[in-house]
**Q** 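Dropping the structure in here first, questions after.
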Amino acid sequence: MPEGPSIILLKEECLPFLGKKVIRVEGNTKIEKERMANKKILFIKSWGKHFLLGFSGFTLKVHFLMFGSYTINAKKDRPSRLSLIFSKGEINFYTCSVKFLEEDLDELYDWSADVMSDLWDPKKARKKLKDQSDVMICDTLLEQDIFAGVGNIIKNEVLYRVRIHPESPVGKIPAAKLTSIIKEARQYSFDFLEWKRLYVLRKHWLAHNKKTCLRCDLPFVRKHTGFRHRRSFFCTNCQKLYV
DNA sequence: TATAATGTTTGAAC
DNA sequence: AGTTCAAACATTAT
């Protein structure tokens with residue numbers, strides 16, 4: 001479920017509830033969920049993989065981690081972590097992390113780091129990468145303070161598109177190539193969004209979970225790379241390793 | 001059926 | 001004290 005573009009779709013699906021009052025709250029979360037009862041949804045935002053529902057005086061943050069899911073106006077056959085029930089309709093969150101944020105969101109979040117945001121700033125991303133010269137690009141792409149919203153699928157697809165080996169340290173990658181990585185991190189995320197919207201995301205994967213490189217027909221390397229040990233799928237023939 | 005995976009936080013261990 | 005790393009969370013597809 002996660003990765004930034006999926007959260008954009010969730011925001012869209014929740015739009016009918018904007019300005020509407022929560023009349024009942026359910027779920028097995030341990031947070032003080034009752035504080036949302038009889039309160040209106042004042043805004044619906046996201047930052048990377050964080051889904052944010054604004055109430056008067058506080059914000060609900062939902063993070064779906066690896067297995068989280070949600071339903072709108074439908075229920076799953078198991079207890080929800082949190083359900084927000086409106087006079088007409090409901091939002092159910094399952095197996096996710098829910099928390100309240102008390103702070104002003106502008107203090108908490110650097111919106112320019114969110115690849116899906118209108119405020120996304122590639123130049124700032126570039127500056128942050130300067131401090132990561134020894135870190136492999138497969139790890140920095142997953143760094144939420146730099147590329148909020150990018151997950152493992154996006155990582156693999158971006159690196160395949162720009163033909164860069166995931167184990168290349170950031171500092172060894174030529175400037176022009178770094179620029180294309182940063183650009184593609186955003187561009188692929190929007191492609192991901194539109195493909196997911198049409199339920200055709202998987203069939204557009206060029207690298208993630210693939211066995212063979214469609215450019216040269218050689219088998220992909222499948223390896224847990226970097227300090228994060230996340231799966232990378234790559235072609236050593238088509239993706240250049242800078243060392 | 002067992003395994004591993006679209007992820008992050010926490011706290012133990014060094 | 002600062003860094004590193006495994007555990008925990010818990011569903012679903014292969």
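Side chains included, hydrogens not; waters and symmetry mates left out as well; all remaining heavy atoms used. Naming: A, B, ... by sequence-line order, numbering from 1 per chain. This one's a predicted model, so the numbers in the text were calculated from it and none came from an experiment.
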**Q** A:R231 CZ to B:dT6 C1': how many Å, rounded?
**A** 9 Å

**Q** Could you list the residues that satisfy side chain to side chain contact (heavy atoms under 4.5 Å, CB included) with A:K183, not counting sequence neighbours?
**A** none

**Q** Apply salt bridge (Lys or Arg N to Asp or Glu O under 4.0 Å) to A:R228 and list each qualifying residue two or more places apart in sequence or on a separate chain.
**A** A:D139, A:E143

**Q** Taking atom P of B:dA4 as reference, at what distance in whole Å does atom NE2 of A:H229 sit?
**A** 15 Å

**Q** With C1' as the reference atom in both, quote the distance from B:dT6 to C:dC5 in angstrom, rounded to an integer.
**A** 22 Å

**Q** Taking both distances under 3.5 Å as the test for a Watson-Crick or G-U pair, what stems of at least three pairs does DNA chain B have?
**A** B:2-5 with C:11-14, B:7-14 with C:2-9

**Q** Using whole Å, what does the distance between atom P of nucleotide C:dT12 and atom CZ of A:F64 come to?
**A** 14 Å

**Q** Rounded to the nearest Å, what distance is computed from the NZ atom of residue A:K155 to the P atom of nucleotide B:dG7?
**A** 9 Å

**Q** Could you list the residues that satisfy salt bridge (Lys or Arg N to Asp or Glu O under 4.0 Å) with A:E103, not counting sequence neighbours?
**A** none

**Q** Would you mind reading off the distance between A:F93 atom CZ and C:dC9 atom C1', rounded to a whole angstrom?
**A** 18 Å

**Q** In whole Å, what is the span from the CZ atom of A:R222 to the C1' atom of B:dT3?
**A** 12 Å

**Q** Scan residues 71-84 of chain A against DNA chain C and write down, sorted by residue number, each residue with any heavy atom closer than 4.0 Å; if none is found, say none.
**A** A:K76, A:R78, A:R81

**Q** Could I get the full list of side chain to side chain contact (heavy atoms under 4.5 Å, CB included) partners for A:H229, not counting sequence neighbours?
**A** A:H224

**Q** For A:D134, what residues pass the side chain to side chain contact (heavy atoms under 4.5 Å, CB included) criterion, not counting sequence neighbours?
**A** none

**Q** Does the pair A:R35/A:E102 count as a salt bridge with the N-to-O cut at 4.0 Å?
**A** yes

**Q** Under the salt bridge (Lys or Arg N to Asp or Glu O under 4.0 Å) test, which residues partner A:E194, sequence neighbours left out?
**A** A:R197

**Q** Expressed as a whole number of Å, how far does the P atom of C:dA7 sit from that of B:dT3?
**A** 16 Å

**Q** A:N152 CG to B:dA4 P: how many Å, rounded?
**A** 15 Å

**Q** Any chance you could list the contact pattern along nucleotides 8-14 of chain B? Use B for base contacts, S for sugar-phosphate-only contacts and - for none, protein heavy atoms under 4.0 Å, 5' to 3'.
**A** S-S----

**Q** Round to the nearest Å and state the distance from A:L141 atom CG to B:dT6 atom P.
**A** 14 Å

**Q** Is it true that, when you exclude A:D118 itself, more than 12 heavy atoms of the residues, nucleotides or ligands shown sit nearer than 6.0 Å to its CG?
**A** no

**Q** Going by the rule side chain to side chain contact (heavy atoms under 4.5 Å, CB included), which residues pair with A:T29 if we only count those two or more places apart in sequence or in a different chain?
**A** A:I31, A:K33, A:R81, A:L82, A:V98

**Q** Could you work out the separation of B:dA4 and C:dA6 based on their P atoms and round it to a whole Å?
**A** 15 Å

**Q** Excluding sequence neighbours, so at least two apart, what forms side-chain hydrogen bond (donor to acceptor under 3.5 Å, both in side chains) with A:T179?
**A** A:R126

**Q** Please list, chain by chain and in numerical order, all residues satisfying salt bridge (Lys or Arg N to Asp or Glu O under 4.0 Å) with A:K75, sequence neighbours excluded.
**A** A:E90

